[in-house]
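The structure under discussion appears below in the form of structure tokens.
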Amino acid sequence: MKKLALASVIAFLFVAPLVAPLAVPQARAQTPFEGTATWSMSIPQLDEEKHEMTMNIKGQQLEIEVDLGAQGGIKTIVDHDKKKIYVVMSAMKSGMVMDLPSDSAAKTMTKEVIEIKPTGQKAMIAGHPAEEYVVHTAKADVSMWASADFPKDVRDAFSRAMTTQPGQDAAQVSAFRQFAQKGLIPIKIVTKNGDDIAMSMEFVKLEQKKLDDSLFVAPKDIKFTPMPAGMGGGTD
């Protein structure tokens, strides 16, 4: 179980900062969004089920929860004031912490440039018209359904989120920057290792509502240890 939970954390950290800004509707684009976005996530190495991922968003504050069924839940809190990311694994009652990268570190990560190739396939995803692109990196093959159906400030928020993702594959960062430059935002992502799907996620819905500030505070009853260097390199 520990091995599976740890693997799910890696996958979760890859997508969590990515998707938070994507759910903001155009009507709310000019003011900070406050509410909950819901996504559907699948991690075949864990089970064959679809797991709900909820993202509580309040301006730059972000709290994400994934229900992994029998494997337990994972909660991630992005604290921009402290420049930390906290990860809580409920089943093991343990936590890890890492630093958000500095601006200079984020720029260093994005030096590699790769090609994003459209497949010509199109679909409606959660009410947004999207087109499929493929990205090939040394670590994985990624299918991204991207949409231009979002305002500029949401696209800018997406770009900032990807350049502050600790431990992110530089090639994928390059791909996300290219999407941002094209005015596109991925709203469905399928990552493959060979012929096997490692992880998939798709935006489902958005609820605008007031959120309590306590959601965005790391729990006091959890002891946080530094994230291992191979998973992100953060230290407390």
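We're numbering straight along the sequence, starting at 1.
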Specify the closest pair of heavy atoms between [X] and [Y], including all atoms of both residues, with the distance to one decimal.
X: W145; Y: I125; result: CB-CD1, 3.5 Å
X: F224; Y: V87; result: CE2-O, 3.8 Å
X: E131; Y: P118; result: OE2-CB, 3.7 Å
X: P129; Y: S147; result: O-OG, 2.9 Å
X: H51; Y: D67; result: ND1-O, 2.8 Å
X: M41; Y: M53; result: CE-SD, 3.9 Å

Approximate separation, where rounding is to 0.5 Å, of [X] [atom1] and [Y] [atom2]:
X: F216; Y: L62; atom1: CZ; atom2: CG; answer: 7.5 Å
X: L184; Y: Y133; atom1: CG; atom2: OH; answer: 4.5 Å
X: K188; Y: S143; atom1: NZ; atom2: OG; answer: 7.0 Å
X: I185; Y: M144; atom1: CD1; atom2: CE; answer: 13.0 Å
X: I64; Y: K75; atom1: CD1; atom2: NZ; answer: 11.5 Å
X: K84; Y: I77; atom1: NZ; atom2: CD1; answer: 14.5 Å

Would you kindly confirm whether V97 and I222 end up in one hydrophobic cluster when ILVMFWY residues are joined by side chain heavy atoms under 4.5 Å apart? yes
Among the clusters formed by ILVMFWY side chains lying less than 4.5 Å apart, do V135 and V190 turn up in the same one? no
[Y] and [X], any side-chain heavy atoms less than 4.5 Å apart:
X: M89; Y: M96; value: yes
X: V88; Y: P219; value: yes
X: T76; Y: I85; value: yes

Walk me through it: do L211 and E63 pass the test side-chain contact (heavy atoms from CB on, under 4.5 Å)? CA-CA 11 Å; L211 299 173; E63 188 262 3; over 6 Å; no
For N193, enumerate each residue passing the side chain to side chain donor-acceptor pair (under 3.5 Å) test, keeping only those at least two apart in sequence or located in another chain. none
